[in-house]
2 protein chains.
Amino acid sequence: MQSRTPAGRTGRPRNAAADAAILAATRAALVELGWSKLTLGDVALRAGVAKTTLYRRWAGKNELVVDAVAELFDELTLPDRGSLAADIEGVVLQFATILTRPEARNGLMAVVAEAARDDALRERIRASIVDRQKRLVLAGRARAQARGELPPAPDTGEAARTVDLIFDMVAGAVVHRTLVSAEPADEEWVHGFTRVLLSGLAAAGP
Amino acid sequence: MQSRTPAGRTGRPRNAAADAAILAATRAALVELGWSKLTLGDVALRAGVAKTTLYRRWAGKNELVVDAVAELFDELTLPDRGSLAADIEGVVLQFATILTRPEARNGLMAVVAEAARDDALRERIRASIVDRQKRLVLAGRARAQARGELPPAPDTGEAARTVDLIFDMVAGAVVHRTLVSAEPADEEWVHGFTRVLLSGLAAAGP
DNA sequence: GCATTACGCTACGACCCGTAGCGAAAGCAC
DNA sequence: GTGCTTTCGCTACGGGTCGTAGCGTAATGC
């Protein structure tokens, strides 16, 4: 987040509610205007704050939209559907559902594109979106191990690489399906995709 | 392309060389400035044409960059490495190599992001980049069938869906690995990825 | 009360956009 | 050659956004 007023600090404290209002206004502007036509002046107007206030909290459009979009993915949870395959399918479907929302479609790829030339921004995306959601993979694996579907303690280095691969495949495929192919990542598609993914992981593991 | 001067047409013909110069200048500007700081005035200056000429041929930044980036992917070829798996691995590696180039990284995701709110642009991307490269999948399958690695004539509807799925998985995973995770999609990674993909397709097929 | 910080507001130069208007150039038909 | 048509380069323009500076005011802690 952006506005943590340092603790032992004098002076007027920041209006915490303004942060939420600004991020909500950013998402609303993303829906109505998309990335390229979104202006900070308009966001400030929607949020009911002065443009200068917005600039005091965020460095620019990129950072603002990253924070606004990151909140969307906090809705993700790991459903308990009884098996590893079904759990994963559930998460992928949730992810696909979030990507149907215009504020996610319009914002996510744009900041990723900007991050191609901005290391700090890419790190911000990784920290507040990607790595933040890797908890799902870890939780899923832990639950599967408890169920006995996976061996308890695989090689840590190999395991980390596998987590990264899974993430790239899941997020990449869903995003490409949704935003480039522009076809719905519906239940049927998600089912076929996770079947290929899990079969491949199982077969290629040993 | 943009500048096909209609055949039975009178008047001064368009300078065909200008198209190539403009697209090359666009790629150069993408490398140096990235998407957001790229301006059409600057591209025109680099290409040695007037800004008005550029606007007569392309509707705007989005369309221009799509065409400039699309040319990059025409370099893709289907190598003959002896087996379906090796061929696919070769193509994926070529794709990953193209994505290491800054003009591709900076341009591709940006236009995809813009396409989220622009149906015509998305269609242009599909036609001039995605569908245009599906030739590789078709050629690979044909060659594999000739080798006897695949049955000669699968169900057409199911086959088309599988091609789409392969495309979403390959392009999505490589792009996510390269641009979001910001890790190199090198030979080792590509090898592991294609192994999972092909194992999954083989196991989930029947 | 006093220092300090946040806030809203206004104004500003800088930049880019996309278009209009013009004269000149380069083809084709005759 | 003479026209006709279309492209090209150039200049200029209004409109919009950017990011910042400056100022007076509001809200805290000491």
Side-chain angles (χ1 to χ4, degrees), chain A residues 1-23 25-26 29-30 32-65 106-107 110-111 114 117-118 120-121, chain B residues 1-23 25-26 28-30 32-65 106 110-111 114 117-118 120-121:
Chain A
M1 217 35 54
Q2 191 68 16
S3 70
R4 45 176 183 199
T5 311
R9 191 79 143 179
T10 174
R12 174 177 177 175
R14 284 195 171 169
N15 181 358
D19 261 21
I22 291 173
L23 292 176
T26 303
L30 275 176
E32 287 182 30
L33 306 173
W35 162 267
S36 56
K37 294 188 179 176
L38 180 151
T39 72
L40 294 195
D42 181 67
V43 170
L45 197 65
R46 289 170 189 260
V49 301
K51 192 172 62 161
T52 44
T53 296
L54 207 159
Y55 274 102
R56 284 189 196 102
R57 305 192 183 199
W58 280 276
K61 191 167 160 175
N62 295 339
E63 291 76 9
L64 175 62
V65 172
N106 294 338
V111 293
E114 289 299 305
R117 284 185 59 80
D118 185 337
L121 183 64
Chain B
M1 216 36 53
Q2 192 67 16
S3 71
R4 44 174 184 199
T5 311
R9 189 69 158 207
T10 172
R12 176 177 176 174
R14 284 193 170 169
N15 181 358
D19 262 22
I22 291 172
L23 292 175
T26 303
L30 276 176
E32 287 183 31
L33 307 173
W35 163 267
S36 55
K37 294 187 179 175
L38 179 151
T39 72
L40 295 196
D42 181 67
V43 170
L45 197 65
R46 289 171 190 259
V49 302
K51 193 172 63 162
T52 43
T53 297
L54 208 159
Y55 274 102
R56 284 190 197 101
R57 304 191 183 200
W58 279 277
K61 192 167 160 176
N62 294 339
E63 290 76 8
L64 175 62
V65 172
N106 293 338
V111 293
E114 290 299 308
R117 282 186 59 81
D118 185 338
L121 184 63

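Below, chains carry the letters A, B, ... as their sequence lines are ordered, and counting in each starts from 1.
Checked by distance alone, B/Thr52 brings no side-chain donor or acceptor within 3.5 Å of a matching partner on the base of D/dC8.
The shortest non-hydrogen separation linking A/Trp35 to A/Glu114 is CZ2-CG, 3.9 Å. Scanning both residues, A/Leu38 and A/Ala29, for their nearest heavy atoms gives CD1-CB, 3.7 Å.
Interatomic distance, A/Asp42 CG to A/Thr26 OG1, rounded to the nearest 0.5 Å: 9.5 Å. To the nearest 0.5 Å, the span separating CG on A/Leu54 from CD1 on A/Ile22 amounts to 4.5 Å.
Every residue two or more places apart in sequence or in another chain that forms a side chain to side chain contact (heavy atoms under 4.5 Å, CB included) with B/Ala25 is listed here: B/Val43, B/Arg46, B/Ala47. Evaluation of the side chain to side chain contact (heavy atoms under 4.5 Å, CB included) rule for A/Arg117 yields B/Asn106 as partners, not counting sequence neighbours. Shown here are the side chain to side chain contact (heavy atoms under 4.5 Å, CB included) partners of B/Ala50, two or more places apart in sequence or in another chain: B/Thr52, B/Thr53. Listed by chain and number, the residues in a side chain to side chain donor-acceptor pair (under 3.5 Å) with B/Thr39 amount to none (sequence neighbours excluded).
With rounding to whole Å, A/Trp58 atom CH2 is found 16 Å from D/dC18 atom P. A/Leu45 places its CG atom 15 Å from the C1' atom of C/dT10, with the value rounded to the nearest Å. Distance, B/Leu54 CG to D/dC10 C1': 15 Å, rounded to whole Å. Counting to the nearest Å, the P atom of D/dC18 and the CG atom of A/Asn62 are 12 Å from each other. Atoms CZ (B/Arg14) and P (C/dC28) sit 16 Å apart, rounded to a whole Å.
OP1 or OP2 of D/dG9 has not a single side-chain nitrogen or oxygen of B/Arg56 nearer than 4.0 Å. In terms of phosphate contacts, B/Thr53 brings a side-chain nitrogen or oxygen within less than 4.0 Å of OP1 or OP2 of D/dG9.
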List every contact pair, protein side and nucleotides 25-30 of chain D side both N or O, where the distance is under 3.5 Å.
{"unit_1": "D/dA26", "atom_1": "N3", "unit_2": "A/Arg12", "atom_2": "NH1", "d": "3.2"}

Could you write out each protein N or O paired with an N or O of nucleotides 11-17 of chain C at a distance under 3.5 Å?
{"unit_1": "C/dC17", "atom_1": "OP1", "unit_2": "B/Leu40", "atom_2": "N", "d": "3.3"}

> Between B/Asp19 and B/Trp58, does a side chain to side chain contact (heavy atoms under 4.5 Å, CB included) hold up when you go through it step by step?
Replying inline: CA-CA 10 Å; B/Asp19 262 22; B/Trp58 279 277; 3.7 Å; yes

